[in-house]
Number of protein chains: 4
Amino acid sequence: MQQESDKAMGTPQQHPQPRRSDTRRRIQQVALELFAEQGYEKTSLREIAERLDVTKAALYYHFKTKEDILSSVAEDLAQPLRDLIAWAEAQPHSLATKQELLRRYSDILWSSVDLFRFIQENQATVRELTVGENFRTSMKALGELIKDPAAPIAAQVRSVTALFAMHAGMFVTQNVEGDPEEKRAAILEVALDLVAQAEAEASILTG
Amino acid sequence: MQQESDKAMGTPQQHPQPRRSDTRRRIQQVALELFAEQGYEKTSLREIAERLDVTKAALYYHFKTKEDILSSVAEDLAQPLRDLIAWAEAQPHSLATKQELLRRYSDILWSSVDLFRFIQENQATVRELTVGENFRTSMKALGELIKDPAAPIAAQVRSVTALFAMHAGMFVTQNVEGDPEEKRAAILEVALDLVAQAEAEASILTG
Amino acid sequence: MQQESDKAMGTPQQHPQPRRSDTRRRIQQVALELFAEQGYEKTSLREIAERLDVTKAALYYHFKTKEDILSSVAEDLAQPLRDLIAWAEAQPHSLATKQELLRRYSDILWSSVDLFRFIQENQATVRELTVGENFRTSMKALGELIKDPAAPIAAQVRSVTALFAMHAGMFVTQNVEGDPEEKRAAILEVALDLVAQAEAEASILTG
Amino acid sequence: MQQESDKAMGTPQQHPQPRRSDTRRRIQQVALELFAEQGYEKTSLREIAERLDVTKAALYYHFKTKEDILSSVAEDLAQPLRDLIAWAEAQPHSLATKQELLRRYSDILWSSVDLFRFIQENQATVRELTVGENFRTSMKALGELIKDPAAPIAAQVRSVTALFAMHAGMFVTQNVEGDPEEKRAAILEVALDLVAQAEAEASILTG
DNA sequence: GATGAATGAGGCTTCATTCAT
DNA sequence: CATGAATGAAGCCTCATTCAT
């Protein structure tokens with residue numbers, strides 16, 4: 001086995017080792033597809049294996065458990081989120097930062113839209129998995145970064161809503177006509193507005 | 001057996017005939033609790049039965065299937081939603097209507113907060129259950145009622161966001177300090193603002 | 001309860017007792033229908049009860065067990081068979097008797113065709129039920145009555161075949177065109193021929 | 001797994017590689033035994049598994065469903081029957097063909113006597129299983145091959161009886177004394193006679 | 001003459017996981 | 001790098017039956 005041992009190998013091997021089997025990657029792909037389509041619980045390892053035309057046992061060569069497959073897939077979202085949070089924490093807590101945060105968050109979300117959708121639709125399941133815990137932690141951190149605990153409640157709600165508006169936007173805009181890119185931009189705009197309004201609302205009182 | 005009958009009795013019997021075991025009601029209660037806590041798939045009928053100190057077979061006396069239990073519970077949300085939609089469809093599509101729609105929606109949501117939370121967190125599972133289909137249908141109808149298909153995309157997104165802001169609000173405000181009622185009011189306010197802004201945005205162009 | 005207590009009450013009660021509920025009879029009818037259609041094991045008491053629009057418990061008022069329902073129904077065939085055997089045992093073991101035996105057997109079979117069909121198609125199930133035991137006993141007795149243990153094997157087989165030809169005839173003639181009565185007569189004729197031939201075959205040797 | 005694969009291997013491997021557990025075969029054997037003894041419905045997978053000293057789940061490694069086990073077993077009878085029918089359809093519809101048909105049918109029946117007995121005794125159950133459907137189809141085809149639709153009804157019945165005489169013969173001759181082989185020959189003889197008589201009966205009219 | 005409510009046993013099936021090869 | 005074979009636990013569901021009312 002080699003599980004867990006391949007993070008970052010960067011440069012390809014010089015001696016053209018018959019091309020490191022991509023089975024692991026294929027498992028991840030198919031698993032995500034199926035998890036997103038049918039949910040985590042309803043997707044069995046048998047199904048994944050059949051889709052890949054390998055045996056279940058083969059999955060266990062590449063991953064320790066079912067959850068492990070999910071965790072490995074989830075890193076695509078988790079790592080960027082951690083990076084984003086680290087970045088934001090190092091910035092001044094200004095409106096500009098918050099808006100940039102939203103812009104970057106939007107990018108991350110749309111880069112892993114299937115995965116994000118999966119997490120959203122499987123919260124109950126994912127809650128007691130590492131994946132879910134991590135995601136909640138990240139969301140909480142983002143919440144802290146975007147709202148001002150000293151602001152009036154309405155302002156805080158507005159800020160947090162900016163974040164969730166983007167989540168919802170990924171699902172709901174299916175019923176809104178128009179070019180996807182345009183919609184995405186519109187969603188981001190609404191979110192940016194919301195933090196701006198929140199900031200204004202707060203400064204009226206303090207200012 | 002009586003499955004599905006419910007014999008709506010409206011006014012309580014005068015001769016407080018205490019027969020008619022309340023097991024059915026207790027099953028619904030416990031089931032909702034467990035479904036909300038652990039998810040639908042992860043909650044087994046064995047668990048529900050044990051919690052009620054009856055046998056699994058007893059559950060099947062009262063409900064035809066596991067899904068049936070859920071469906072029966074979900075009516076608490078489904079019926080009010082259908083009523084709300086019917087009401088709104090009979091009103092003029094004015095801003096006032098939309099805002100009243102949001103107010104009533106807020107009431108409904110908070111009346112069945114556990115159930116709503118459950119649906120939200122188990123979307124993947126619930127998707128191919130009757131319950132989920134109904135809920136999606138309702139959400140779509142609400143979406144149509146609150147947005148103006150002729151408005152610019154940003155306005156439409158803003159409207160739809162009003163709806164989802166309230167969903168999100170039910171979860172996220174856990175991290176915002178303050179009195180629950182005050183928070184709920186704040187969320188509604190943000191939503192009301194959003195439709196108002198959407199309306200304004202639309203009328204600038206048309207007006 | 002009254003189970004078992006109503007055999008033969010012949011003349012109706014004088015005091016027009018609100019007409020002795022015919023539920024018992026209806027249960028028997030429906031049960032036989034379903035048993036014949038789907039088999040004994042696959043027919044549940046729930047199904048019978050539903051078809052009659054009564055509760056399962058009602059069935060238990062009229063019959064002690066599921067098997068009891070079957071037993072009671074099976075008497076329609078069992079009693080005539082016992083009578084037939086008793087009759088034949090009192091006759092000389094002549095060809096004429098054997099042929100009359102077949103004629104009477106044919107009548108009995110076609111009088112309870114559904115029940116007979118049921119027994120035939122559910123032998124494995126019925127084998128360890130009283131009903132099945134009785135039926136086997138009867139068939140064995142009929143076998144003894146129709147064949148001559150001193151005859152050559154081929155003759156004995158021919159005799160026994162006469163009996164079973166009539167069983168088979170009830171099923172198979174579905175694929176033979178023609179008027180049912182005519183077919184029934186044809187089957188009987190074939191059977192009568194077979195015993196006649198058997199008798200001839202035997203007497204050549206002995207005679 | 002291998003379900004359905006069977007990889008017909010014809011000639012035995014030279015290097016008597018004894019791997020490839022024979023569990024599948026053992027399941028089939030035990031299942032047939034129990035099905036024949038107790039009936040299909042009354043035989044549970046638990047029972048089969050226990051008898052083999054494996055878990056129920058092991059059965060599911062080798063077969064998709066309970067019915068699948070039966071189907072796989074039934075091929076022993078179904079395939080020869082299909083072959084026989086194909087053969088007979090390619091022959092002239094002469095008496096000689098019909099008699100050879102009966103001879104071959106006899107061989108097939110006695111080669112799978114347990115299986116045949118099972119089907120016979122579990123018709124109600126088997127009726128809506130693929131196995132039963134196939135068997136009915138085969139019987140119908142054999143019926144068409146052995147009888148002459150233009151002959152008088154009695155002749156047709158006689159022909160069809162020839163077929164069923166052999167079925168009955170497998171069960172009933174238990175009560176006839178004598179060497180099994182001799183009995184089997186006697187049954188076949190009776191059947192051969194029956195088609196011969198049917199043919200004669202038909203040609204009197206037409207000839 | 002029946003119902004309402006429930007039980008205990010057991011059915012088939014699926015799942016994640018293991019391990020020798 | 002993977003398969004073949006199997007397991008233990010558990011899932012949903014159905015059944016015949018009981019009994020107080």
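The chains referred to below are lettered A, B, ... by the order of the sequence lines, with proteins before strands, and numbering in each begins at 1.
The listed nucleotides are dG8(E), dA5(F), dT7(F); the one nearest the side chain of T55(D) is dT7(F). The side chain of Y61(D) sits closest to dG4(F) out of dT3(F), dA2(E), dG4(F). Side-chain atoms of A57(C) lie closest to dG4(E) of the nucleotides dG4(E), dA6(E), dT18(E). When distances run from any side-chain atom of V54(B) to the nucleotides dA6(F), dT7(E), dC13(F), the shortest one goes to dT7(E). When distances are taken from the side chain of A58(D) to each of dA6(F), dT17(F), dT18(E), the shortest belongs to dA6(F).
What separates NZ of K64(C) from P of dC19(F) is a distance of 15 Å, to the nearest Å. Here the C1' atom of nucleotide dA16(E) and the CG atom of D68(A) are 13 Å apart, to the nearest Å. Spacing between atom CG of L52(B) and atom C1' of dT7(E) amounts to 15 Å, rounded to whole angstrom units. The nearest whole Å value for the distance from the CD atom in E50(B) to the P atom in dT7(E) is 13 Å. Between the CG atom of L59(B) and the C1' atom of dA5(E) there is a distance of 13 Å, given to the nearest Å. Regarding R24(A), its CZ atom lies at a distance of 13 Å from the P atom of dA2(F), rounded to whole Å. As a whole-Å value, the separation of R25(B) CZ from dA5(E) C1' is 16 Å. dC12(F) atom P lies 15 Å from atom CZ of F63(B), rounded to whole Å.
Remark: K66(D) is not positioned above the aromatic ring of Y60(D), lacking an NZ or CZ atom under 6.0 angstrom from the ring centre and at most 45 degrees off the axis.
The shortest heavy-atom contact between G39(D) and A124(C) is CA-CB, 3.8 Å.
A close approach under 4.0 Å does not occur between any side-chain nitrogen or oxygen of T23(B) and OP1 or OP2 of dA5(E). Applying the 4.0 Å criterion to OP1 and OP2 of dT14(F), one finds that Y60(B) has every side-chain N and O outside that range. Considering only side-chain N and O atoms, H62(B) lies nowhere under 4.0 angstrom from the phosphate OP1 or OP2 of dG4(E).
Side-chain N/O atoms of S72(D) and Q28(D) include a donor and acceptor closer than 3.5 Å. For the residue pair T130(B) and E67(B), a side-chain donor N or O sits within less than 3.5 Å of a side-chain acceptor on the partner.
A residue-by-residue look at T65(D) and K66(A) shows that T65(D) has its nearest nucleotide of DNA chain E further toward the 5' end.
Here the side chains of I48(D) and F35(D) are in contact, with some heavy-atom distance below 4.5 Å. By the 4.5 Å heavy-atom criterion applied to side chains, F135(B) and Q123(B) are not counted as neighbours. Looking at L34(A) and R51(A), their side chains come closer than 4.5 Å, going by heavy atoms from C-beta outward.
E75(A) pairs by the side-chain contact (heavy atoms from CB on, under 4.5 Å) definition with A78(A), Q79(A), R82(A), not counting sequence neighbours.
For DNA chain E, no neighbouring residue in residues 35-49 of chain B is found when judged by any heavy atom under 4.0 Å.
Residue-to-nucleotide contacts include no donor-acceptor pair under 3.5 Å from the side chain of K56(C) to the base of dT3(E).
No salt bridge links E47(A) with K42(A); every basic N to acidic carboxylate O contact stays at or beyond 4.0 Å. The existence of a salt bridge linking R127(C) and E121(D) is confirmed by a sub-4.0 Å separation between a basic side-chain nitrogen and an acidic carboxylate oxygen.
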Taking Watson-Crick and G-U wobble pairs with both distances under 3.5 Å, convert DNA chain E into its dot-bracket string, 5' to 3', dots for unpaired and | for cross-strand pairs.
.||||||||||||||||||||
